[in-house]
Amino acid sequence: MYDVFSLPPIEFPKDFIWGSATAAYQIEGDNVDAALWAKEEEYKWARSGKACNSYALYKQDIDLVKQLGHQAYRFSINWSRIEPVEGQWNPEAVEHYVDLCRRLHENGIKPIVTLYHGEHPLWFEVMGGWKKLDMLKYWARFVQYMAPKLAEYVDSWVVLNEFNGGCHVESGPRKYVMLKAHAMGYHIIKQYSQAPVSSAHAFIHWQPRRHHDKLDQIACGLDDWMQNEFFFHAIRTGEFVYPFFDAKYDAEIKGSVDFWAVNQYTRHMADARTAKLEGARYTHKKLRLIDTEFWFEEFFPEGTISTLERLADKPVMVSENGLACNDDRFRIVYLALHLCAIREAIDRGVDVRGYLYWSLMDNWEWGSYAPRFGLCAVNPETFERTPRPSAWYFKQIIQQNGFNAQLTRQYLKELPSLGCNEVPPASTKATGEMHDAFSGGVARRD
Ligand code: BGC
């Protein structure tokens, strides 16, 4: 494990934007017209139910965001509320999202609006969903309808969230359709809004499971292309290149982001000896953060640096980063390490403009309420939100536009310090010398 108390004190650039992120289906509750809702029912999956009841409690959530000092709030529009039946708009839902944007704006909080975050109306799914190019006319109509209504308030736009996921050859056609959906969304929004536009990319840091194994290295290259690079390559060049798919060029795709929005959490292991080209993580680094198996088993802030270094050609927003854990102290450690990594990437020349913690509150993690990502806990009966210590730690980081070991120490009082950068008590003040275990002599420490 790392020693968080020996991290260097850091400060972020002036005007750096701090905030948090959520998504409609994960917090609103009762998304009865969404395709996912129908699947939960049909396949007897765990039910999202009322989630955090945020559709009803959104005003309270704005107060919470404000109380926690966030300068920006990323949330998503639920298409299935806006257009529950094909071609029929729901004015009450439209007003809900306009009001959400307006109130954030009036409270000095930048609304960062995602137009699509993992769910769509049931009718869209039944008609073919993202599998067919000719379905994009429905998507374009939705964007065309919503963008002008929100444009006045929106600070930044995220057209789609994480359509890049899935490292399989079969996901190529869907990714192509969604890449086109992204580009369409970008160009429609541009007709109404001056605010910067992107799509949030699920950036996975891939690593060969066996470092020197040729096949794992090849698997790693493939995983990385199918997960990450196909998207950046397409945006940079207009060319969609994907394994076992005839490459296509589309001028509309080229240049269709104003900034890179990246959701970055941890690393994954490329393993050529598994059918899905992904293997288990190193056992010695596995953390048991919640009571059940979950993809998040390791901290890997180095991955954040390498991710960001690949995106040095445009401004970058870390549109999601966070940790699911039962013990909030892990979240504090995770935050400290990842913010240091981001600062390091800035020092290496990456223009990182902001950081959004995932998530403002515990929510529906696509099939379970067990993984708790929240800065705030949510009571499942009363829906009361309770900020955790990490929320106050994050608030102080925002206020100071950075942090140092003393601040971290306030929130991790009981952990022993393993490092040497903390201000030592007067009686043991460092002499600037330490024992050199190898030479048996005394070495100078700078
Ligand atoms: C998604 C969120 C999800 C989070 C944690 C991101 O990939 O955008 O919807 O809850 O990861 O798994």
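Counting convention: from 1, in listed order, for ligands and their atoms alike. Given the structure is predicted, the values throughout are model-derived calculations rather than measurements.
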Practice problem: Identify the residue among R102, K149, R81 that makes a salt bridge (charged side-chain N to carboxylate O under 4.0 Å, His left out) with E95. | Solution: R102

Quiz item: Hey, which atoms in ligand 1 end up nearer than 4.0 Å to a heavy atom of H117?
Solution: 1 (C), 2 (C), 8 (O), 9 (O)

Quiz prompt | Identity and separation of the nearest protein heavy atom to atom 9 (O) of ligand 1 | solution = Q26 OE1, 2.7 Å

Exercise. Could you list which atoms of ligand 1 come closer than 4.0 Å to a heavy atom of E162?
Key: 1 (C), 6 (C), 7 (O), 8 (O)

Exercise. May I ask you to establish whether R47 and W37 are in a cation-pi arrangement, using a distance under 6.0 Å from NZ or CZ to the six-membered ring centre and at most 45° from the ring axis?
Key: yes

Quiz prompt | Aromatic plane relationship, Y186 with H182 - under 30° parallel, 30 to 60° tilted, over 60° perpendicular | solution = tilted

Quiz item: Which atoms from ligand 1 have a heavy atom of N161 less than 4.0 Å away?
Solution: 8 (O)

Quiz item: For S80, which residues count as a side-chain hydrogen bond (donor to acceptor under 3.5 Å, both in side chains) partner, sequence neighbours excluded?
Solution: N78

Quiz item: So, E162 versus N263: side-chain donor-acceptor pair below 3.5 Å or not?
Solution: yes

Exercise. Output yes when the distance from some N or O of ligand 1 to some N or O of N363 is under 3.5 Å, and no in every other case.
Key: no

Self-check item: Closest approach of any protein heavy atom to atom 10 (O) of ligand 1, naming residue and atom
Solution: E365 OE1, 2.6 Å

Practice problem: Could you tell me which atoms of ligand 1, counted from 1 in the order shown, lie closer than 4.0 angstrom to a heavy atom of F373? | Solution: 5 (C), 12 (O)

Practice problem: Starting from atom 6 (C) of ligand 1, locate the nearest protein heavy atom and write down its residue, its atom name and how far away it is, to 0.1 Å. | Solution: E320 OE1, 2.9 Å

Quiz item: Side chain, backbone, both or neither: which part of F296 has a heavy atom under 4.0 Å from ligand 1?
Solution: neither

Quiz prompt | Set of salt bridge (Lys or Arg N to Asp or Glu O under 4.0 Å) partners for K110, sequence neighbours left out | solution = none

Quiz item: Parallel, tilted or perpendicular for Y55 and H96, by the 30°/60° rule?
Solution: parallel

Quiz item: Which residue owns the protein heavy atom closest to atom 4 (C) of ligand 1, what's the atom, and how far is it?
Solution: Y265 OH, 3.5 Å

